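Working notes for the structure below.
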Amino acid sequence: MRNLTMMTDLYQLTMMDGYFLEGKAQETAVFDLFFRQKDSMNYAVFAGLDQAIDYVKGLHFSAEDIDYLKSLNIFHEKFLEYLKTFRFTGDMYSVREGDIVYPQEPIVIIKAPLIEAQLVETALLNIISHQTLIATKSARIVTAARGKSVVEFGLRRAQGPDAGIYGARAAIIGGCNGTSNVLTGQMFDIPVKGTHAHSWVMSFDSELDAFRAFARVYPDTCLLLVDTYDTIQGIKNAITVFKELKAKGHKPIGIRLDSGDLAYLSKVARTMLDEAGFTDAVVMASGDIDEYLLESLGSQGAKIDMYGVGTKLITSENAPSLGGVYKLSAIERDGKLQPRMKISDSIVKVTNPGFKTLYRIYDKKSGMAVADLIALDGEKIEKPLVLTHETERWKTTTLEDYDIRCMLHKIFDNGKNVYESPTLSEIVEFATSEKAKFWDEYKRIDNPQIYKVNLSDDLYELKHEMLKQKKV
């Protein structure tokens, strides 16, 4: 377990120093971690909790850390002395990895002494925002693949080792069924998949020689990359080698296309393979693939069985940040939590006050998700439940026959980790199950139906009362 305590912004430490000197360090504070709406991301798949837990468990300042902070000539001696025994002693709540979440919803809540809650902001945003971003991109790509297998191929294009390792894990949570990343496979027991590169073909005197050599080495797992020189000729050469393998009692896997018109070439390849008697041979495609290209390939009737998706998945190219934020929502005064709220001219930046919880409501008959409800902690939810749009108050939905699930789980209790983390396979199973409970209209790549996320009556009243009495 790495100690990431110093992976923070300087202003977190200067505020901590100030809280300490002002006697505010031990005031209980509540912070919400959530993300804001993005045009290309109407929902997200939550990921990163496992690493976030390890981060919080390992929080401490080493002697070397404190020596470095002292060398900056910024911090007060008493504060640096306090850091020698610093540990996280608060509470942490979170949704489960694999849960579908929406903008403005509190997906992680920290309730802890102010000085501790302030420190964890930067690292939690870094860990959770990145992995949630990649899990979400993966889910969109898998949706657009229309049931075809998707393998994560992005390590070489990831923005650094951690982005490659944990991004691949997040891609599995989002729905990919394998990765090319061997270290991720080793660390998290994920299936690793791969074939060969163009350099293999180019290192031989001819493409046919290269294919025959690969088949000799891997006769029962032979999948050949056919576009090094001429794709159609490459398919012909692959078929020649497949026939030689078949004559020796082996069954080839198939071919991979990595460039050109994938829709056209896949149709040609499928016809050629079928006519040669290799109806079970797969056609795999890789290259600069994302959900938009997959939608197009599907509409064109491409004959592709499996996709290897790299750059545009591991970097979430069209949406390179989640827009995660971490805001104070309550602070202790006279032994009680008092709500706090950020106010802005931009509606999307106005936060929801108070110590809250998050519910998901399912139609009892169909089992499908109907709406989410952000409510104050301890607020009673009664039937029938009337959901009212926060700004367009004439829009209401009355629910009578429903099931309700509290989405936030306690992860740390007074600094102790009380949450038993599921295995990655269990997370994937949960994510697949939850995603299936949302109608396809909510998961459309373009112009999705807007899923209902509402404030409870008490939270709505609190928020708008505070807006009237805003402090200046």
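Residues take their numbers from the sequence shown, with the count starting at 1. Since the model is a prediction, treat every value here as computed from it, not as a measurement.
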Ring geometry between H196 and F211 (parallel below 30°, tilted from 30 to 60°, perpendicular above 60°)
tilted
Charged tip of K435 within 45° of Y43 ring normal and under 6.0 Å:
no
Quick one: closest heavy-atom pair of V241 and A215, and the distance?
CG1-CB, 3.5 Å
Considering non-hydrogen atoms only, spot the tightest contact between E390 and Y460 and give its length.
O-CE1, 3.4 Å
Rounded to the nearest 0.5 Å, what separates atom CZ in F31 from atom CG in L124?
11.5 Å
Pair R96 + E434, salt bridge at N-O below 4.0 Å
no
Taking every non-hydrogen atom, the tightest pair across L376 and G354:
CD2-CA, 4.3 Å
A quick test of your reading: do over 12 heavy atoms of other residues, nucleotides or ligands sit less than 6.0 Å from CE of M368?
yes
Does the gap between the ring centers of F355 and Y93 come in under 6.0 Å?
yes
Would you call K416-D413 a salt bridge at under 4.0 Å N-O?
no
Check the orientation of Y102 and F438. Use parallel for under 30°, tilted for 30 to 60°, and perpendicular for over 60°.
tilted
Heavy-atom pair of closest approach, residues D305 and K148:
O-CB, 3.7 Å
Would you say NZ of K437 has more than 12 non-hydrogen atoms from neighbouring residues, nucleotides or ligands within 6.0 angstrom?
yes
Angle between ring planes, Y419 versus H409, binned at 30° and 60°: parallel, tilted or perpendicular?
tilted
Do D258 and R256 pass the salt bridge (charged side-chain N to carboxylate O under 4.0 Å, His left out) test, and can you show the C-alpha distance, the side-chain angles, and the key distance before you say yes or no?
CA-CA 6 Å; D258 191 55; R256 175 161 70 101; 3.6 Å; yes
